[in-house]
There are 2 protein chains.
Amino acid sequence: MVKPSGQPEPDARTRILDAADAVFVRHGIDGARMQEIANQAGVNKALLHYYFRSKADLARAVWLRIASSFAPGVLQLLASDIPLEDKIDRVVEAYYGTLTKHPYLLVYVISEATRHPKLVEEIYTPERKLAARGMIATLRRQLEEKARVDNTAAISAEQFLVTLLGSCLFPFVARPMLTTVLGLGPDEFSKFIDKRKRDLPLFLKRALRQ
Amino acid sequence: MVKPSGQPEPDARTRILDAADAVFVRHGIDGARMQEIANQAGVNKALLHYYFRSKADLARAVWLRIASSFAPGVLQLLASDIPLEDKIDRVVEAYYGTLTKHPYLLVYVISEATRHPKLVEEIYTPERKLAARGMIATLRRQLEEKARVDNTAAISAEQFLVTLLGSCLFPFVARPMLTTVLGLGPDEFSKFIDKRKRDLPLFLKRALRQ
DNA sequence: GTCTATATGGCGATAGAC
DNA sequence: GTCTATCGCCATATAGAC
């Protein structure tokens with residue numbers, strides 16, 4: 001996922017992992033071919049088995065790399081003590097960068113997580129479990145505080161989280177459907193996303209105040 | 001997807017299509033095995049090829065059936081002239097029924113649509129294209145009317161649509177991640193969805209007024 | 001139409017030279 | 001560590017009897 005920035009060719013193992021990343025994300029684990037990964041890495045198929053015993057092991061390695069780099073940033077952001085309304089901006093901002101560049105990434109994570117739920121638990125370490133609880137607690141505190149000040153009923157932290165994530169992530173999940181239904185070309189989709197980056201925080205904040 | 005309701009066994013072709021539906025939705029096209037479909041349909045593997053030439057053709061037939069039955073209802077709902085705020089309730093209501101019963105359906109549609117965008121165009125007939133345009137136009141009109149009355153800036157119809165759909169559909173898209181992060185068991189997830197069915201319309205309506 | 005048996009090809013995986 | 005060559009399986013697909 002993260003491309004090498006320096007000049008020297010990365011070693012074979014790294015090239016394989018990068019290639020596997022690209023191919024698995026593009027085609028899903030079942031749809032990926034070891035041959036294609038080998039080609040893209042510029043090595044022989046046998047070398048994949050030398051470094052990673054089997055396709056399943058390679059897929060697992062890729063999954064760990066991707067899934068680990070996916071959530072923590074946003075989780076930490078949401079768990080922090082910055083004001084609730086700022087969080088909205090920051091979450092929107094944080095996701096839209098990488099997801100624009102990697103159109104298949106989110107669908108890969110979702111489909112593999114859905115079809116092999118064990119993969120999710122594998123990256124859900126005790127520390128992360130704790131962090132997630134803390135994040136929810138912080139969110140709840142902020143929402144209750146807001147409700148107290150505005151003298152309204154507090155919104156459920158879990159519900160708010162899902163609405164926030166859903167609103168942010170859905171365009172990248174349903175991209176082909178949306179571009180077709182809305183009649184958008186590739187660059188029009190970009191414009192749509194740009195506009196959304198500005199509009200969505202306003203919309204959500206409006207729902208929050210009173 | 002639609003299970004037979006009457007007593008008599010459906011004919012083999014139908015049974016195959018139903019079985020293929022279940023297996024493709026569960027495992028994705030690449031992950032599905034013809035043998036499993038045959039077993040589930042109670043027929044021999046060869047019969048699948050008798051009715052549908054190849055796996056690809058069978059997958060295509062299933063896709064057409066599912067995708068066709070998926071959008072039209074909601075599309076029609078959104079295009080109708082019922083008040084905007086009522087639409088929110090109805091959309092939420094409409095999706096949550098089937099998606100609760102078919103946990104893999106949405107992820108299947110999304111992943112296949114993403115990896116094979118041609119499949120999307122195949123179900124996007126001229127009539128549906130027209131209907132989609134009309135739906136957006138109606139939505140825009142309603143949002144502008146609302147803005148005029150409230151004396152505020154109108155929200156983009158496209159953006160509103162995506163927010164509405166995203167908020168509704170995301171829990172079913174990200175279910176395994178959410179249950180893990182929020183620490184929900186299967187029946188707690190149901191409760192979460194029930195609560196969401198009540199809360200989400202309120203939240204969205206609040207963002208709309210003023 | 002539905003079955004049994006078989007062909008065909010592709011893919012993951014291994015052996016072994018260098 | 002990296003390659004070439006090859007194995008063995010398994011999934012799709014077909015032939016042909018009933």
Side-chain angles (χ1 to χ4, degrees), chain A residues 4 6-66 104 108 111-112 115-116 118-119, chain B residues 4 6-66 104 108 111-112 115-116 118-119:
Chain A
Q7 282 293 33
E9 272 277 277
D11 60 352
R13 205 193 120 92
T14 306
R15 293 207 317 276
I16 289 171
L17 214 46
D18 286 337
D21 192 307
V23 174
F24 280 130
V25 166
R26 175 65 235 264
H27 298 291
I29 295 177
D30 290 323
R33 297 302 123 190
M34 297 293 267
Q35 184 61 60
E36 189 181 348
I37 295 173
N39 293 344
Q40 193 155 324
V43 300
N44 192 278
K45 219 173 43 168
L47 209 60
L48 309 194
H49 289 89
Y50 173 77
Y51 283 110
F52 309 86
R53 263 182 48 81
S54 64
K55 179 183 179 181
D57 282 6
L58 179 53
R60 195 171 159 278
V62 167
W63 168 262
L64 292 178
R65 227 176 51 146
I66 289 182
Y104 296 95
Y108 164 78
S111 58
E112 297 306 337
R115 308 216 249 250
H116 313 287
K118 283 191 175 176
L119 288 176
Chain B
Q7 283 291 32
E9 271 277 279
D11 60 352
R13 205 192 119 91
T14 307
R15 292 206 317 277
I16 290 171
L17 215 47
D18 287 338
D21 192 307
V23 174
F24 280 129
V25 166
R26 176 64 236 262
H27 298 290
I29 295 177
D30 290 323
R33 298 299 112 174
M34 297 292 267
Q35 184 62 60
E36 189 181 349
I37 296 173
N39 292 344
Q40 194 156 324
V43 299
N44 192 278
K45 225 175 29 169
L47 210 59
L48 309 195
H49 289 90
Y50 173 77
Y51 283 110
F52 309 87
R53 262 182 50 79
S54 64
K55 180 183 178 180
D57 283 7
L58 179 53
R60 196 171 158 278
V62 167
W63 168 262
L64 292 178
R65 226 175 53 145
I66 289 181
Y104 297 94
Y108 164 79
S111 58
E112 298 305 338
R115 307 215 249 251
H116 314 286
K118 284 192 175 177
L119 288 176

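We name chains A, B, ... by the order of the sequence lines, and we start the count at 1 in each one. Computed over heavy atoms, backbone and side chain alike; hydrogens, waters and symmetry mates excluded.
Distance B/I37 CD1 to D/dA13 C1': 14 Å, rounded to the nearest Å. When the P atom of D/dA11 is taken as reference, atom CG of B/L58 falls 16 Å away, rounded to whole Å. Rounded to whole Å, atom C1' of D/dT12 lies 15 Å from atom CD1 of B/I29. The CD-P distance, from B/Q35 to D/dT14, rounds to 17 Å in whole Å. The CG atom of B/L47 sits 15 Å away from the P atom of D/dA13 (whole-angstrom rounding). In this structure, the CG atom of A/N39 is 14 Å from the C1' atom of D/dC3, given to the nearest Å. Atom P of nucleotide D/dC10 and atom CG of B/D30 are separated by 19 Å, given to the nearest angstrom. For the pair B/F52 CZ and C/dG1 P, the interatomic distance rounds to 12 Å; values are reported in whole Å.
Remark: the backbone N or O of A/G31 is not paired with any side-chain donor or acceptor of B/R115 at under 3.5 angstrom. Panel note: side chain B/D11, backbone B/T14; a donor-acceptor pair is recorded below 3.5 Å. At least one donor-acceptor pair closer than 3.5 Å links the side chain of A/K55 to the backbone N or O of A/I29.
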Every protein N/O lying under 3.5 Å from an N/O of nucleotides 13-16 of chain C:
{"from": "C/dA13", "atom 1": "OP2", "to": "A/H49", "atom 2": "NE2", "distance (Å)": "3.1"}
{"from": "C/dA13", "atom 1": "OP2", "to": "A/K55", "atom 2": "N", "distance (Å)": "2.7"}

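We find the NZ-CE distance between B/K45 and B/M34 to be 9.0 Å, quoted to the nearest 0.5 Å.
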Discussion item. Would B/D18 and B/R65 count as a salt bridge (Lys or Arg N to Asp or Glu O under 4.0 Å) here? Give the steps.
Written reply: CA-CA 10 Å; B/D18 287 338; B/R65 226 175 53 145; 3.1 Å; yes
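One finds no side-chain N or O of B/Y50 lying less than 4.0 angstrom from the OP1 or OP2 phosphate oxygen of C/dC3.
Nucleic acid contact for B/A32: sugar-phosphate only, since backbone atoms but no base atoms lie under 4.0 Å from a heavy atom of the residue.
A search for side chain to side chain contact (heavy atoms under 4.5 Å, CB included) contacts involving A/D57 returns A/R53, A/S54, not counting sequence neighbours.
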